[in-house]
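For the single chain, residues carry numbers from 1 onward in sequence order.
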Amino acid sequence: MQCGWSLLGPLQWSRYVNKEVTVKAGKDEEEHRGWLLTVDPVTASLVLVDFREGGGASVQVVMGHAVDQVQVLQEADQETTERLQTSFLPSGAPGPDLGPEQLRTRRGGVRSWLEKNRVPVQEDGDQLRVAGGVLTIRAPYRPEDCWSQNQIILDRIQRLLIQIQSDPHQTRD
């Protein structure tokens, strides 16, 4: 990718997420390398993660206005993708290691809560598709398990799921 990174937009940026990239930025074309975790939709800034051998990770933010070139080095394997997605979750958050019955109960509770709030939702295997597929909620159905290209819908659904977390009895009538 040549110049104009900030002009590409979220759809093009998402093609680089979960890939190891080299980024050239600044007047001196300083080179940064790491796994692209996300791109800020407002500033086009890149968040690069570099996993250390002994565990842990270093995070680097490259300001979007300074980016001259982004080059993909390799795709992430399943293990790296999972590590990227789980590295920055709160330590107190319930893990995805719930049993099938607990997941089914939680999925049903989230679905009924969304329907109660007049949000169209469909079950698709172990995922929930919201608003005609614009947003997906994966197990274990927490706010951070939502994915969408539409930031407004993502924010609204995450707020509804936060209400469930603050009072789990809200899903019952």
Step through it carefully: locate the ring centre of W5, locate the ring centre of Y16, and say whether they are under 6.0 Å apart.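 For W5 and Y16, the ring centres are under 6.0 Å apart.
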Point-to-point distance, once rounded to the nearest 0.5 Å, from CG of D155 to CG of N150: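 The CG atom of D155 sits 10.0 Å away from the CG atom of N150.
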Quick check: closest heavy atoms across [X] and [Y], and the distance to 0.1 Å?
X    : Y    : value
V121 : R111 : CG1-CG, 3.6 Å
T38  : V17  : CA-CG2, 4.4 Å
P143 : Q158 : O-NE2, 2.8 Å

Knowing that exactly one of T80, L37, L36 qualifies, which makes a side-chain contact (heavy atoms from CB on, under 4.5 Å) with V49? L37
Against D77, only a single residue in E79, Q74, E75 fulfils side-chain contact (heavy atoms from CB on, under 4.5 Å); can you say which? E79
Hey, are [Y] and [X] close enough side-chain-wise for a donor-acceptor pair under 3.5 Å?
X    : Y    : result
R106 : Y141 : no
Q102 : R104 : no
T136 : R129 : yes

Side chains of R52 and S58: closer than 4.5 Å at any heavy-atom pair?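 Yes. Closest side-chain heavy atoms under 4.5 Å.
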Test item: V61 and D40 side chains (from C-beta on) under 4.5 Å apart, heavy atoms: no
For E53, all residues meeting salt bridge (Lys or Arg N to Asp or Glu O under 4.0 Å), sequence neighbours excluded: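 Residues passing salt bridge (Lys or Arg N to Asp or Glu O under 4.0 Å) with E53: none at all.
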